[in-house]
Amino acid sequence: VLSKAFDKDSYVSGKLLVDKTAGYLWVFTKPGIRYFTKGILSDMPLMKILPLTEADRNGIVGYESVVGLPQEGYYLFGTSTGYISTDINQSFEKDFRVELAGVKRMVKTSSLQNSKEVSPNIEGKFENSENSFEISYYVPEYNKFLKPQYQYQLKGMYPEWSRWSSSSMASFENLPFGTYEFNVRARLGDKVAGNMATYSFRIARPWYLSNMMLLVYFFAILFFSLFIHYTYRRYYRRKQRKLKEENEKELEVLKLQNDKEIIRIKNDQLKADFKDKSNELAASTMSIIKKNQLLSQVKEQLTAAQDDNGSVKKIVAIIDRNLKQTDDWELFKEAFNNADRDFLKNLEKTHPNLTPNDIRLCSYLRLNLSSKEMAELLHISPRSVEIKRYRLRKKLNLTHDENLVSYILRL
């Protein structure tokens with residue numbers, strides 16, 4: 001039972017005093033003086049409260065004192081400067097209320113003297129710049145021994161209740177926009193007021209957070225997002241097109257390389273074919289030359305032999321016809337066209353005044369045959385070949401310094 005008089009928030013010194021006059025047990029705490037009396041129907045002690053706070057008593061901790069006066073119910077309580085007399089039978093249990101005295105709103109750059117009073121009974125609606133307030137409150141009840149204490153909260157900003165304080169004013173500065181509810185309650189001694197005073201108010205959003213500006217922000221963000229989307233889309237399309245062009249260029253380069261390789265292979269094949277045909281032409285040419293040489297030697301031997309019945313003359317006539325026939329030239333011409341088909345065309349185009357014999361001589365010169373070899377093919381003497389070469393130079397309009405074979409090879 002006695003422990004109910006002590007708790008961590010109200011403990012002062014723990015000193016217990018016995019009143020010799022009435023036999024009360026006195027305990028001194030922060031919110032008041034408590035005393036225990038005998039129970040009416042039982043021996044269980046009863047605790048009563050005398051609401052004289054530690055501040056009102058202004059005593060010295062550990063030296064608390066109480067003295068009963070002859071008059072019933074009157075006591076003296078010592079202080080550091082004197083004493084307090086009171087009648088403990090006087091009722092301190094009257095009901096009381098807490099009321100709002102006033103609300104002052106202030107602009108951020110304004111001082112307290114330039115503040116403006118607003119009605120605490122009407123819900124406040126303020127601009128965003130009007131975000132500092134002073135709210136005062138009071139208890140309309142007088143007691144010479146008791147001073148009211150207050151506790152407040154600001155829902156929307158400070159949901160916790162403040163500590164009990166004797167200050168009758170609360171101030172708030174630079175509150176953000178939003179809806180708030182200010183609540184205050186009071187107590188006298190250990191008794192709490194039967195009501196809670198309330199003031200509601202709302203601070204408007206700043207202009208840059210108004211509905212119109214939020215709509216502007218929405219469309220700005222929307223347009224910016226579309227712009228970013230379009231920019232990125234155009235960028236990636238350009239990048240994709242560039243990549244496509246690079247791939248096409250690479251494919252084109254590869255195609256050119258492949259075509260070049262194919263052309264190289266074809267050229268190699270043509271060179272091989274040309275080499276084969278040149279070999280074939282050389283072989284046929286040498287075959288004709290050897291055949292003509294053989295026939296010429298046979299003719300010489302037969303001519304030197306004696307002929308009684310005229311058979312040798314007949315054989316010589318056959319050899320002459322064989323040497324003079326054009327079959328060998330036709331065979332040579334066909335082989336030459338297969339090996340170097342463009343030469344004769346270029347020769348006829350460049351020098352249309354050449355005779356078939358001149359063209360034949362040019363063909364032998366392109367094969368770089370000697371005068372003796374050409375004489376065998378043409379069935380004339382080497383001297384006659386030199387004369388033909390001289391005449392051919394004149395028809396080709398060659399100067400004295402120009403080489404006939406070199407010119408023929410360049411065609």
Side-chain angles (χ1 to χ4, degrees), residues 1-99 137-153 160-168 183-197:
V1 175
L2 297 179
S3 297
K4 294 179 180 179
F6 300 95
D7 56 65
K8 62 180 181 179
D9 294 328
S10 63
Y11 182 84
V12 176
S13 66
K15 185 175 182 180
L16 301 176
L17 294 176
V18 178
D19 174 18
K20 297 180 181 179
T21 304
Y24 296 155
L25 179 64
W26 297 88
V27 179
F28 296 86
T29 62
K30 290 181 180 180
I33 302 174
R34 305 179 184 189
Y35 61 98
F36 292 89
T37 63
K38 293 181 180 180
I40 300 175
L41 300 178
S42 65
D43 294 333
M44 182 67 68
L46 297 177
M47 184 178 69
K48 296 184 179 181
I49 300 174
L50 185 64
L52 286 174
T53 64
E54 182 184 14
D56 295 332
R57 298 193 303 268
N58 193 22
I60 300 176
V61 178
Y63 293 90
E64 296 86 356
S65 64
V66 56
V67 177
L69 298 178
Q71 189 176 358
E72 183 181 0
Y74 281 85
Y75 285 86
L76 293 179
F77 299 95
T79 67
S80 59
T81 57
Y83 60 89
I84 297 175
S85 64
T86 185
D87 182 5
I88 65 173
N89 293 324
Q90 181 182 355
S91 175
F92 294 97
E93 302 297 326
K94 295 174 59 179
D95 291 333
F96 63 93
R97 295 175 58 83
V98 60
E99 302 290 345
Y137 33 84
Y138 66 98
V139 172
E141 191 71 36
Y142 174 74
N143 189 301
K144 66 178 182 178
F145 297 111
L146 300 178
K147 292 182 179 180
Q149 290 185 317
Y150 304 95
Q151 191 179 42
Y152 65 85
Q153 69 173 174
E160 302 294 332
W161 286 93
S162 66
R163 294 179 177 271
W164 288 103
S165 172
S166 58
S167 176
S168 60
N183 298 318
V184 61
R185 56 190 181 187
R187 72 178 182 183
L188 289 174
D190 286 342
K191 186 174 180 59
V192 179
N195 76 315
M196 182 173 63

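For the numbers below, each heavy atom of this structure counts, side chains included, while hydrogens, waters and symmetry mates do not. Quick caveat, the model's predicted, so the values are computed rather than measured.
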A.B. asks: Measure across Ser13 and Gly62 and return the closest heavy-atom pair with its distance rounded to 0.1 Å.
C.D. replies: CB-N, 3.9 Å
A.B. asks: List for me each residue that meets ring pair (Phe, Tyr, Trp, His ring centres under 6.0 Å) alongside Tyr24, sequence neighbours excluded, and say none if there are none.
C.D. replies: Tyr35
A.B. asks: What are the two closest heavy atoms between Pro148 and Val139, and how far apart are they?
C.D. replies: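 Result for this residue pair: CB-CG2, 3.8 Å.
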A.B. asks: How would you list, by chain and number, every residue that makes a side-chain contact (heavy atoms from CB on, under 4.5 Å) with Leu2, sequence neighbours excluded?
C.D. replies: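 Per chain and number, Leu2 pairs via side-chain contact (heavy atoms from CB on, under 4.5 Å) with Leu25, Phe36.
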A.B. asks: Tell me every residue that passes side-chain contact (heavy atoms from CB on, under 4.5 Å) with Ser65, counting only those two or more places apart in sequence or in another chain.
C.D. replies: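 Ser65 satisfies side-chain contact (heavy atoms from CB on, under 4.5 Å) with no residue once adjacent residues are dropped.
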A.B. asks: Can you list everything that forms a ring pair (Phe, Tyr, Trp, His ring centres under 6.0 Å) with Phe28? Sequence neighbours excluded, please.
C.D. replies: none
A.B. asks: Of all the heavy-atom pairs spanning Tyr75 and Gly68, show the shortest one and how long it is.
C.D. replies: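 Taking Tyr75 first and Gly68 second, the nearest heavy atoms are CD2-CA, 3.4 Å.
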A.B. asks: Taking Gln149 for the side chain and Ser165 for the main chain, is one N or O donor matched with an acceptor at less than 3.5 Å?
C.D. replies: no
A.B. asks: Which heavy atom in Leu52 sits nearest to a heavy atom in Arg57, and how many Å separate them?
C.D. replies: O-NH1, 2.6 Å
A.B. asks: Who passes side-chain contact (heavy atoms from CB on, under 4.5 Å) against Asn58, sequence neighbours left out?
C.D. replies: Ser80, Thr81
A.B. asks: Of the non-hydrogen atoms in Pro140 and Arg97, which two are nearest, and what is the gap between them?
C.D. replies: CD-O, 3.1 Å
A.B. asks: Taking it one step at a time, do Ser167 and Tyr150 satisfy side-chain contact (heavy atoms from CB on, under 4.5 Å)?
C.D. replies: CA-CA 7 Å; Ser167 176; Tyr150 304 95; over 6 Å; no
A.B. asks: For Phe6, enumerate each residue passing the side-chain contact (heavy atoms from CB on, under 4.5 Å) test, keeping only those at least two apart in sequence or located in another chain.
C.D. replies: Tyr11, Leu16, Val27
A.B. asks: Of all heavy-atom pairs between Arg34 and Thr29, which one has the smallest distance, and what is that distance?
C.D. replies: NE-OG1, 3.7 Å
